[in-house]
Visitor: 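Got a structure for you, questions after.
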Protein chains: 4
Amino acid sequence: MSNPSHFGLAYPVTKAARDDALNPRKSPKQLRAAATVAAILEGAARILEERGLEAYNTNAVALRAGVSVGSVYQYFPTKEAVTRALIQRETGALLAEVEACATAASPREALEAMIAACVAHQLRRPVLARLLDLEEARLPLADDLRDLAQSLVSALQRNLLWGGLDSAAAREIAPDLLAIVKGMVDAAGQRRETDAGALGARVRRAVFGYLPDAFG
Amino acid sequence: MSNPSHFGLAYPVTKAARDDALNPRKSPKQLRAAATVAAILEGAARILEERGLEAYNTNAVALRAGVSVGSVYQYFPTKEAVTRALIQRETGALLAEVEACATAASPREALEAMIAACVAHQLRRPVLARLLDLEEARLPLADDLRDLAQSLVSALQRNLLWGGLDSAAAREIAPDLLAIVKGMVDAAGQRRETDAGALGARVRRAVFGYLPDAFG
Amino acid sequence: MSNPSHFGLAYPVTKAARDDALNPRKSPKQLRAAATVAAILEGAARILEERGLEAYNTNAVALRAGVSVGSVYQYFPTKEAVTRALIQRETGALLAEVEACATAASPREALEAMIAACVAHQLRRPVLARLLDLEEARLPLADDLRDLAQSLVSALQRNLLWGGLDSAAAREIAPDLLAIVKGMVDAAGQRRETDAGALGARVRRAVFGYLPDAFG
Amino acid sequence: MSNPSHFGLAYPVTKAARDDALNPRKSPKQLRAAATVAAILEGAARILEERGLEAYNTNAVALRAGVSVGSVYQYFPTKEAVTRALIQRETGALLAEVEACATAASPREALEAMIAACVAHQLRRPVLARLLDLEEARLPLADDLRDLAQSLVSALQRNLLWGGLDSAAAREIAPDLLAIVKGMVDAAGQRRETDAGALGARVRRAVFGYLPDAFG
DNA sequence: CATGAATGAGCGTTCATTCAT
DNA sequence: CATGAATGAACGCTCATTCAT
C-alpha cells in the first residue's frame, strides 16, 4: 500500500516508532501507543459527527477518546495535527480503494469503480466526510495533505492515460474530475442524500460527459 | 432585481431606514450609516483576503474598516451576522448577474453567460470567494443564506425549463450544476488559476456534458 | 421644604437654572428642561422596575424616557448622577412626608405616622424602592445622599427628643430605628408583601419595643 | 452540621470529589483542587474588601488568588457562581455558629448567643459581610442561596418555638428578627462601628423588644 | 508515559461617554 | 440644545497548550 501512515503514529515520537514500517512486529508498548492514537482519532471523528466543528476541541476529543488531554499532546504536537491525521486516516482509506480500482477490466470500468468508491466513502460517514473536507480546505496546506490530495489526482490521471488521453490532457482533466466529484458528493451529503446508486449515476454522467468521447 | 437588500442596511436601525425601498433618496444619517456598514463589510473582506480566517476577528475587522468595534455591533448583532451579510453582499451581486443572463437569445447562450458570470465572480476576488464559500458551508444555515443559495438554484432551474427539460429533470439537475460549477471554480481559485477563458471553457464542457443532449 | 432639589435640575447647568428656588416663575426653556429631567428620572425608574438592575443602562433609560442619550448627559454628568437624582426624588418625597409627621398631636402619634409613611412609601413602588436602597448602599457615598439620609435620621431624632429622650440617647437610637425600619420594609418588599396594615403593625412593635418605656 | 458543602469543592469536578462527605481522607489531587477553590474564594473576598465591587472582576480575583483566570473557570461556571460560593462560605460559617447556639441553657440565652454570633460575624470582616449582603440581594436568588437564608430563618424559628411561641407566631416573627438584625448590623458596619458589646446590646434590645413578653 | 489541573493570550461583546451634525 | 452614531476601555469567558505529579 502506498500510504500506510494512518496505521501507525502520525508523528515519530521515539526511534523505535520509526521502524514501524520496516518492522511490523510491534512491541506491547507500540501496540498500546497505536491503540491510543486510534482512540484519539476516532474520538475526534465522533465529536465532529455528533457535535460539529463548534464542539471540536482537544478537551472534548480527549474525553470522548477516553484519554487525557496530555495524551493527545503526547502523540500530536497540535490540534491541527490531529485534524490532519484524521483526514489522512479517512482520505488514506479512500485512496487505497481508488487505487485498487486500477485493476479493473477496462479504463471505463476502472473510472466507474473509482466514482463508486468516492460516493460510497462520502455516504459512509457523510457528516464526518463533509466536515473534514471543510477543514482540509481551511487548513494551511501542509505537505502531508497536499501529497494525499495529489495521490488521488495521480490515480485518476493514470487512469486517464490508460484510457487513451495524452499526458497534457490527463494532467489538465484529472483535477477537474476530482473537483466535480467532490463538489457533487459534498453537496449531496449536505442535502442528506443516502441513495448511493442514484448519486453514483449522476456523478458518472457528469464525469463521462466531461471526458472527451475518445476515452476508453 | 429580486434581492436588493445588500444595497441598504443589513439591519433596520431607525424607522426611517426601513423606507429605503420606497424612498431611495437617503438622508445624511442614512448615508452615513450605509457608509459605515459598507466600510465594515469591506473591512471584513480585506481581512479575509489579506490575512485569512485565522485573523478574522471583530477587532481586526473594525480596525481595517476604520471604525471602532462598537460600531460593528451597532449594525450587526454578532460576528456571524457580519459574515452572513458579507456573503449576502457577494452572492447577491453574483445572483443579480446570473439572473440578468435570463435575457440571452437562447437557453444555451444564457447558460454560457451564467457560467461566465460565476467564473468571473470567482476570479475577481478569488481568496474572498473561496473563504466565504467555506464560511457559508460551516455556518448554521440561517434562512437568509438558504434563500440566497436557493435563488441561484432557481435561476438555473428556470433556464433548464426554458431549454426544454421537464420539471422533474430540472429540479434534479439544477443543484448538481451548481455543485459542479462551485466545485470547479473553487478548486481553480485554490490553484490560483487566473485565466477566465480557459476555466470557463472547461466548466462549460462539464456542464453541457452533464446536460441531456436534448437541451437547448 | 428643606430639600426641594428634586423639583429642578439635579446639577446647575446655566446661571438661570440656579435661580429656580428663588424665582419659581420659570421660562419656557426651564420648563422644558425640567420636563426632560423628570422624563429621564421616570425612565430610569421604569427600567429598574420592569427590567431590573441588569438592564439599567443609559441607553435603555434614554429610550424609555423618550429622549436621546445625549440629552441624558446634558442634564447629568454620569450615570451615577442619574441614580443619585432618582434616589433623591424618591427619598426626598419620603422625607417630606416624614417631616410633615412632626405636626402630630403627640410624639407617639408622630412616630407612628412616620412609620406609616415609610411603609406606604415602600409598598407604593416596592421594586423601585428596594433597588434604589441597593444602589444607595453600593454607591460611593456622595455628600448629597449622605445629607438626605442624615435628614431622615434628624427627623427621627427630633421626634425622640420631643418624646423625652435625652440628646445622647436620641443620637444613638435614631439611626438604629431607621435601620430597623429599612431592614423590615425592604425584606417585606422582597417577600412581595402588600398588606400595609399588617406590616405597619409589626414595624411599630419593633420600633416601640426598642424605645425605652419612658418614650412619649 | 446540616450544610457542610462549603468545606469541599463548590462544583463536583471528578467522580472522586463527590465522595468527600463519605471519605474525608483526600487524595493529593483533591487537596490541590480544594486549595485552589479556597484560594479563589479568598481572592474574591480580598478584592471585595480592599477594592470594592467596582474592582470585583474575574481577572482581578484570579490575580489576587495567585491563580490564572482559567483556573477560576475550571471550578466555577460563571463569575456569579464565585460570588454565590463566597456567600455560601461566609453565611455557611455563620449558620453553623447560629445552629450551635441551640444547645444553650435557655431559649433566651440561645437567642442572645445567636445575636452575638451575628454581630461577631459582621464585625469580623465588616466590608466583606456588607458587600456580600448587597450581592445576595442583587443576585437572581438561586436555590442554594435561598436555602441558606431559609436555614437561618429556620434556626431562629426553632428557637422561638422552644421559647413558647406558637407555630404561627414563630413563622411570622422569625423573618422579621432576621431583618432587624441584618438591618442593624449592616448599618453599624457601614458606620464602621467596632464595639461588638455595644452593638450587641442594642440588637438584643431591639430583638427582645419585638418579642412578646411571654418569650422564654 | 498518563494524567488533568493550571495557564494566559486572545476573542466576542457591552456600555458609559463623547461629539459631529 | 437635541440627536444618536461612534468610541474604546474593559469585562467575561474559552481553549490550545504546558507541566508538576
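Letters A, B, ... are given to chains in the order of the sequence lines, protein chains preceding strands, and every chain is numbered from 1.
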Visitor: Please determine whether a side-chain nitrogen or oxygen atom of A/T58 lies at a distance below 4.0 Å from atom OP1 or OP2 of F/dA16.
Guide: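 Yes, within the criterion.
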Visitor: State plainly whether the residues A/R64 and A/E50 are in salt-bridge range, i.e. N to O under 4.0 Å.
Guide: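 Between A/E50 and A/R64 there is a salt bridge, with a charged N closer than 4.0 Å to a carboxylate O.
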Visitor: Looking at E/dA2, I'd like to know if its phosphate oxygens (OP1 or OP2) sit under 4.0 Å from a side-chain N or O belonging to A/Y75.
Guide: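 For E/dA2, OP1/OP2 do have a side-chain N/O of A/Y75 under 4.0 Å.
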Visitor: Between C/G70 and A/Y73, just flag the one whose closest nucleotide in DNA chain F comes earlier from the 5' side.
Guide: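 Counting from the 5' end, the first nearest nucleotide belongs to C/G70.
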Visitor: Taking the side chain as every heavy atom from C-beta outward, state whether B/F76 and B/L41 have any atom pair closer than 4.5 Å.
Guide: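 When only atoms from C-beta onward are counted, B/L41 and B/F76 do touch, with a gap below 4.5 Å.
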Visitor: Heavy atoms from C-beta onward define the side chain here; which of E/dT7, E/dA16, F/dA5 lies closest to that of D/S68?
Guide: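 In terms of side-chain proximity for D/S68, the closest of E/dT7, E/dA16, F/dA5 is E/dT7.
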Visitor: Report which part of the nucleic acid D/V67 touches: base, sugar-phosphate, or nothing (heavy-atom distance under 4.0 Å, all strands).
Guide: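 The residue D/V67 makes sugar-phosphate contact but no base contact.
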Visitor: Decide yes or no for C/K79 and C/Y56: does some side-chain heavy atom of the first lie under 4.5 Å from some side-chain heavy atom of the second?
Guide: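 The answer is yes, as the side chains (C-beta and beyond) meet within the 4.5 Å cut-off.
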Visitor: Assuming nearest nucleotide by heavy-atom distance, tell me which of A/G66 and B/V69 is located more 5' along DNA chain E.
Guide: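 Going by which nucleotide is closer to the 5' end, it is A/G66.
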Visitor: Judged by each residue's nearest nucleotide on DNA chain F, which is more toward the 5′ side, A/K79 or D/N57?
Guide: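 First, find each residue's nearest nucleotide; the 5'-ward one identifies D/N57.
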Visitor: With heavy-atom distances below 4.5 Å as the criterion, would you say the side chains of C/T58 and C/Y73 are in contact?
Guide: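 C/T58 reaches C/Y73 side chain to side chain.
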Visitor: Remember a base hit wins even if backbone is also touched, and classify A/N59 as base, sugar-phosphate or nothing at under 4.0 Å, heavy atoms.
Guide: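 A/N59: base contact, heavy atoms under 4.0 Å.
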Visitor: How many Å lie between CG on D/L63 and P on F/dC11, as a whole number?
Guide: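 Taking CG of D/L63 and P of F/dC11, I get 12 Å after rounding.
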Visitor: Where each pair must be Watson-Crick or G-U wobble with both distances under 3.5 Å, what dot-bracket representation of DNA chain E is obtained, with crossing pairs in [ ] and other-strand partners as |?
Guide: .||||||||||||||||||||
Visitor: Closer than 3.5 angstrom, by distance alone: can the side chain of B/T78 be matched with the main-chain N or O of B/A81 as a donor-acceptor pair?
Guide: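 Side chain of B/T78 to backbone of B/A81, a donor-acceptor pair under 3.5 Å: yes, one is there.
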Visitor: Is there a side-chain contact between B/L48 and B/V127 in this structure, where contact means two heavy atoms from C-beta onward sitting under 4.5 Å apart?
Guide: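 They are not in side-chain contact.
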Visitor: Roughly how many Å is it from CD1 in B/I47 to P in E/dG12, rounded to a whole number?
Guide: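 In whole Å, E/dG12 P lies 11 Å from B/I47 CD1.
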Visitor: Using whole Å, report how far CD of B/Q74 lies from P of F/dG4.
Guide: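 So the two atoms are 11 Å apart, to the nearest Å.
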Visitor: Report the distance from atom CZ of C/R32 to atom C1' of F/dT3, rounded to the nearest whole Å.
Guide: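 Going from C/R32 (CZ) to F/dT3 (C1'), I get 12 Å.
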Visitor: Send over the distance from D/E54 CD to E/dA16 P, rounded to a whole Å.
Guide: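 Checked: the CD to P distance equals 13 Å.
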Visitor: Rounded to the Å, how far apart are A/I40 CD1 and E/dG4 P?
Guide: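 So the two atoms are 14 Å apart, to the nearest Å.
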Visitor: Any ion pair linking D/E136 and D/R84 (charged N to carboxylate O, less than 4.0 Å)?
Guide: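 Salt bridge between D/R84 and D/E136, a charged N being under 4.0 Å from a carboxylate O: no.
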Visitor: Hey, which of these two, C/E80 or B/A55, hits DNA chain E nearer its 5' end, going by closest nucleotide?
Guide: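 It is B/A55 whose nearest nucleotide is closer to the 5' end.
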Visitor: Is there a side-chain contact between B/S71 and the phosphate of F/dA5, meaning an N or O under 4.0 Å from OP1 or OP2?
Guide: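 Answer no for this pair, as no side-chain N or O of B/S71 is under 4.0 Å from OP1 or OP2.
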